[in-house]
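In this text the structure is predicted, and so the values were computed from the model without any measurement.
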Amino acid sequence: MAYQKIFKRVETKYMLSAEQYKRVLAEMESYTRGDEYGKSTICNVYFDTPDFRLIRRSMEKPIYKEKLRLRSYGKANHSSTAFAEIKKKYDDVVYKRRISLTEQQGMELLCNRQPSDNSQITNEILYFLDFYKCLKPAVFISYEREAYYDRENPDFRVTFDRNILWRDWDVDLTKGVYGNPILTGGTVLMEVKSAGAMPRWFVDILNENSLHKTSFSKYGRAYEAIYKRENSGGLHYA
């Protein structure tokens with residue numbers, strides 16, 4: 001199956017209550033369709049240095065920041081399709097470059113610098129690994145996602161993430177979906193992704209529901225929990 005390798009877009013995030021989520025979803029219905037993945041469980045392994053250099057830098061809110069991760073849709077096995085991704089953000093614009101490979105090939109590439117091809121994006125990932133030198137699997141993050149796109153403009157997408165979980169043990173796509181929750185009380189994270197301006201109908205939905213964009217990082221929240229645990233002598237497990 002063909003897949004998109006390169007993304008350039010603006011991403012904005014909103015926190016919704018359970019009731020706001022239901023209203024927004026109903027109001028979007030006549031304007032959107034579910035995307036190719038529809039409802040899915042997304043699993044990610046984020047790579048970082050032993051002292052969490054990448055996420056600490058990201059949380060300082062610099063004009064430029066970057067992350068490296070391996071992603072699968074649902075629990076993986078070693079032959080499952082996975083995506084090795086570099087995600088960069090510069091001046092509010094998000095750039096993502098990714099390659100498709102098996103989970104085993106992804107781990108060989110990101111942990112052992114053993115590529116399965118010689119593509120431009122693979123070489124960019126190798127450069128990223130060489131630049132930071134000591135990257136390793138740092139945190140596993142999963143969430144249940146619903147994804148939709150505008151019927152008139154497929155570049156405009158809206159996703160809803162629930163049951164966001166993290167762990168810094170068993171940091172492996174093949175170990176299953178479990179961990180510590182990041183959001184509680186039925187809160188839903190809505191992400192809006194667009195190459196241009198939001199359509200008027202969606203702006204109206206935001207205004208009608210008094211929704212305002214927020215700054216939120218799943219990996220950042222996980223790191224904050226890790227930092228708090230390590231400085232209070234807590235255990236790894238939920």
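Between V177 and C43, the shortest heavy-atom contact is CG2-SG, 3.7 Å. Of all heavy-atom pairs spanning D48 and I55, the tightest one is OD2-N, 3.2 Å. Taking each heavy atom of M15 and L183 in turn, the nearest pair found is CE-CD2, 3.8 Å. The two residues T81 and S100 have their closest heavy-atom pair at CG2-OG, 3.5 Å.
In this structure, I125 and E85 have side chains that are not in contact, with every pair of non-hydrogen atoms separated by 4.5 Å or more. Proximity of L16 to V24: side-chain heavy atoms (C-beta onward) are separated by under 4.5 Å at one or more points.
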*Between W169 and V171, does a side-chain contact (heavy atoms from CB on, under 4.5 Å) hold up when you go through it step by step?*
CA-CA 5 Å; W169 64 98; V171 185; 5.7 Å; no
*Does the pair K218 and L189 meet the rule for a side-chain contact (heavy atoms from CB on, under 4.5 Å), with working shown?*
CA-CA 10 Å; K218 300 180 185 78; L189 174 66; 3.7 Å; yes
*side-chain contact (heavy atoms from CB on, under 4.5 Å) between M28 and F202: does it pass, once the steps are laid out?*
CA-CA 8 Å; M28 284 174 44; F202 191 76; 4.3 Å; yes
_side-chain contact (heavy atoms from CB on, under 4.5 Å) assessment of D161 paired with E144_ = CA-CA 6 Å; D161 295 341; E144 297 170 6; over 6 Å; no
*asked:* Between R56 and D51, does the salt bridge (Lys or Arg N to Asp or Glu O under 4.0 Å) criterion hold? Intermediate values first, please.
replied: CA-CA 9 Å; R56 288 191 295 107; D51 63 352; 3.3 Å; yes
_Is there a salt bridge (Lys or Arg N to Asp or Glu O under 4.0 Å) between K13 and E11? Walk through the geometry before answering._
CA-CA 7 Å; K13 300 177 181 180; E11 298 182 357; 5.6 Å; no
*Determine, stepwise, if the pair D91 / Y64 fulfils side chain to side chain donor-acceptor pair (under 3.5 Å).*
CA-CA 7 Å; D91 197 21; Y64 173 80; over 6 Å; no
_One pair to check against salt bridge (Lys or Arg N to Asp or Glu O under 4.0 Å): D35 and R157. What are the steps and the verdict?_
CA-CA 9 Å; D35 81 353; R157 299 179 71 247; 2.4 Å; yes
_E66 and Y132: CA distance, side-chain angles, deciding distance, side chain to side chain donor-acceptor pair (under 3.5 Å) verdict_ = CA-CA 11 Å; E66 56 190 356; Y132 288 102; 2.5 Å; yes
_D150 vs R33, test: salt bridge (Lys or Arg N to Asp or Glu O under 4.0 Å). Steps then yes/no._
CA-CA 7 Å; D150 188 340; R33 295 184 187 274; over 6 Å; no
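With rounding to the nearest 0.5 angstrom, the CG atom of N180 is 4.5 Å from the CH2 atom of W166. Interatomic distance, N44 CG to I42 CD1, rounded to the nearest 0.5 Å: 7.0 Å. Distance check: L206 CG to L211 CG gives 5.5 Å after rounding to the nearest 0.5 Å. Expressed to the nearest 0.5 Å, how far CG of L68 lies from CD of E124 amounts to 12.0 Å. T32 contributes atom OG1, which lies 11.5 Å from atom CD of E152 (distance to the nearest 0.5 angstrom). Distance check: T41 OG1 to R162 CZ gives 10.5 Å after rounding to the nearest 0.5 Å.
Linking ILVMFWY side-chain heavy atoms closer than 4.5 Å, directly or via other members, places I164 and M190 in two distinct hydrophobic clusters. No continuous path of hydrophobic side-chain contacts links V10 to W201 [ILVMFWY only; heavy atoms under 4.5 Å].
Between Y223 and Y219, the gap from one ring centroid to the other reaches at least 6.0 Å.
Of the N and O atoms on the side chains of N209 and E27, at least one donor lies less than 3.5 Å from an acceptor on the other residue. Y46 and R69 form a side-chain donor-acceptor contact under 3.5 Å, judged by distance and modelled atom types alone. Side chains of Y31 and E29: no donor on one and acceptor on the other come within 3.5 Å.
Geometric assessment of R98 against the ring of F83 yields a positive cation-pi assignment under the 6.0 Å and 45° thresholds. Geometric assessment of R221 against the ring of F216 yields a negative cation-pi assignment under the 6.0 Å and 45° thresholds. Figure legend: K175 and F140 shown without cation-pi pairing, the cationic atom not lying both under 6.0 angstrom from the six-membered ring centre and within 45 degrees of its axis. A cation-pi contact, defined as under 6.0 Å to the ring centre and within 45° of the axis, links K96 to F7.
The side chain to side chain donor-acceptor pair (under 3.5 Å) check on Y21 picks up E146, with sequence neighbours excluded. In this view, K65 and S58, P62, K89 satisfy the side-chain contact (heavy atoms from CB on, under 4.5 Å) rule, not counting sequence neighbours.
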For a quick test of your reading: what N or O donor-acceptor pairs under 3.5 Å do the side chains of residues 109-117 make, sequence neighbours left out?
unit_1, atom_1, unit_2, atom_2, d
N112, ND2, E108, OE1, 3.3
N112, ND2, E108, OE2, 3.4
R113, NE, D130, OD1, 3.3
R113, NH2, L129, O, 2.8
R113, NH2, K133, O, 3.0
D117, OD1, S119, N, 3.1
D117, OD1, S119, OG, 3.1
D117, OD1, T122, OG1, 2.5

